[in-house]
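Report on one structure; see the data block that follows.
Order of the sequence lines sets the chain letters (A, B, ...), proteins ahead of strands, with each chain counted from 1. Because the structure is predicted, anything quoted here is derived from the model rather than measured.
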Amino acid sequence: MMEEKKSQFLIEIKNLKKYFPVKKGIFKTSSSYVKAVDDVSFEIKKGETLGLVGESGCGKTTCGRTILKLYEPTSGKIIYDGKDITKLSVNQMLSYRRKMQIIFQDPYASLDARMTVGDIVGEAIDIHNLMGKKERNERVQYLLQRVGLNSEHANRYPHEFSGGQRQRIGIARALAVQPEFIVCDEPISALDVSIQAQVVNMLEDLQGDLGLTYLFIAHDLSMVKHISNRVGVMYLGKLVELAASNELYKNPQHPYTQALLSAIPVPDPDMAEERKRIILEGEIPSPIDPPEGCRFKGRCRFAKPICSKENPVFKDLGGEHYVACHLFD
Amino acid sequence: MEKLLKVNNLHTSFYTHVGEVMAVRGITFDVEKGEAVGLVGESGCGKSVTMMSLLRILADTGKVKEGSALFEGRDLVKISNQEMLKIRGNEISMIFQDPMTSLNPVFTIGNQLMEPLLRHKRMTKHDARKKAVELLKLVGIPEAEKRLSQYPHEFSGGMRQRVMIAMALACDPKLLIADEPTTALDVTIQAQILDLMKELKNKISTSIILITHDLGVVADLCSRINVMYGGKIVEQGTKRDIFYNPSHAYTLGLLGSVPNPKTLIKERLKPIDGQPPDLLKPPEGCPFAPRCKYAMRICEIKMPPYFEISEGHRAACYLNHPYAPKVEGFKGRGRE
């Protein structure tokens, strides 16, 4: 594959925080913050797929976008291939933008309705001045074929395509500038089951052929398990558990992960009847100024007094299985 | 058991400026009292249109062309609008897919919850309010009294879906139609809502028709499943028939598209290639033939008849014909 570089990690996130101010009153002063991502650390190896799961509002999308510096991080470090990119200016970021791409969740909202498919896919090539016009058009046609569309689709507009086809266009756009790292932000949740499998298989093929590294964000846990090497579980801005995907699904440790996994609907009548569900009471609380201590304590079956006082630390239980919970102190 | 609803050979078309879109092309199924039936298929297969035809809430361009839908002996297709008004929201009610847009933003939750009670049950405002509080408690919304005077935007997605369910249950309907009730929700909330529906089915013996594209959702709640494709029911049977003895190539494809819950080994998914058919020009033969790996020449020419695999389990697929080639994972085979 690639030549030996400084580290085996492509992405290293250290104590990443992203707070959004809540503006109130006529002077728009901000007294409180939405702590969307609060002190999250993890690494992604080259050629690996890291899954990130959690309920809506847990900060998984914000985390993905902050890594790409689409949001300016509040604090913490983002290290790309051994280089700290946290403080880079917009101009300095430009060369990194080529290497880091994103596929968005909603294939209906993420394509400009007034641009042809060819221009959507080719826009990034133009911005980075990578190719001449003829070469660029050839590349666009190649990309469209690569994602299973026809090259003549380049002259059509997004409304002429179905959801699955649009998502393919989104993937072709991400591939246009030959990235190394792609954030897949719920790329399949808007699609039908039969089409989901097509897109997932394609993402796997592309990873094998082009040596891509993925951060795969989703709330469909069975698909995440299928595609990821390792999976991280987020709750209210915090990473609560991280392990190899088989290990996490076989042997979940954090009470939240256990509840989350037990809620997956299983497409098998016998298994569905047998298994015991851990019902989580209530809903995910507001991330505006979350209380001290473990954020899951209000819904946790095992909550102890210490849970409301101290923040549990993220520690290794052995075999790279990390968990943040006072049950393992 | 007694049949609550019997849909027979229902056809629904939309007359658009480009021509007639045949969304539902002759479907037949029934629902027993106190039973949950699943209707599975991908977008555009006609599952929602079927339900809208039953409730007569189709857009102006849509029309039921043929067929009947007997609800306790009354044909929902033929009865007058006056009679329909008494059934809709009262005896049959519906939960819509998107909780974010199905509630009226300018009325309070209480106002919307009390509407069916005031209208159908002729309750006084005082009684209706009391019943509304009970309903909110039933669906697990805390501080029900306070919540009544709030507006939809003050509720989260899961809470709005609960309000929709409460509203649908207001008049103790005999039949509850749930159109993808959980697709917009998180798995944890989805589990809560499904458990709630299960509880209601057992407690007040409401019949449920659950429309979904997620096989995991029907595996738990429904006893019988209808698989729809291209405006037709291609296979129907008990959930065990469908999951353990799929007898239509499309059902087999659907089951292969989701990761196997039993294995921890990473297997490659087997997607169904291609796109669903264009119902403006529905194919003459089997609608699934263009995407089917096992399609034979006859599949493209002639719509397969229903093959009876076992009692109550039938599938419209030529693979069940005694002369058809053997296919891996396919156990069907029955009489025409």
Legend entry - For chain B, the option from A/Asp205, A/Ile195, A/Ile227 that forms the most heavy-atom pairs under 4.5 Å: A/Asp205
Inset, instruction - Using the six-membered ring wherever Trp is involved, compare the ring planes of B/Phe288 and B/Tyr229 and label them parallel, tilted or perpendicular (cut-offs 30° and 60°). - result: perpendicular
Inset, instruction - Report yes if some heavy atom in the side chain of A/Arg65 is under 4.5 Å from a heavy atom in the side chain of A/Asp185; otherwise report no. - result: yes
Inset, instruction - Go through the atoms of A/Leu221 and report whether side chain, backbone, both or neither lie under 4.5 Å from a heavy atom of chain B. - result: side chain
Legend entry - Contact class of B/Gln190 relative to chain A, heavy atoms under 4.5 angstrom: side chain
Inset, instruction - Give a yes or no answer on whether the side chain of A/Gln105 reaches the backbone of A/Glu186 with a donor-acceptor pair at less than 3.5 Å. - result: no
Inset, instruction - Name the option with the most non-hydrogen atom pairs under 4.5 Å to chain B; the candidates are A/Ser222, A/Ala259, A/Gly57, A/Ser56. - result: A/Ser56
Legend entry - A/Val200 portion near chain B, given a 4.5 angstrom heavy-atom threshold: side chain
Legend entry - Contact winner vs chain A - B/Leu215, B/Leu254, B/Asp273, B/Asp220, heavy-atom pairs under 4.5 Å: B/Asp220
Inset, instruction - Show your reasoning for whether side chain to side chain contact (heavy atoms under 4.5 Å, CB included) applies to A/Ser194 and B/Arg291. - result: CA-CA 11 Å; A/Ser194 66; B/Arg291 296 174 77 185; 3.5 Å; yes
Inset, instruction - Check A/Leu260, A/Asp220, A/Leu261 against B/Val187 for a side chain to side chain contact (heavy atoms under 4.5 Å, CB included) and give me the one that passes. - result: A/Leu260
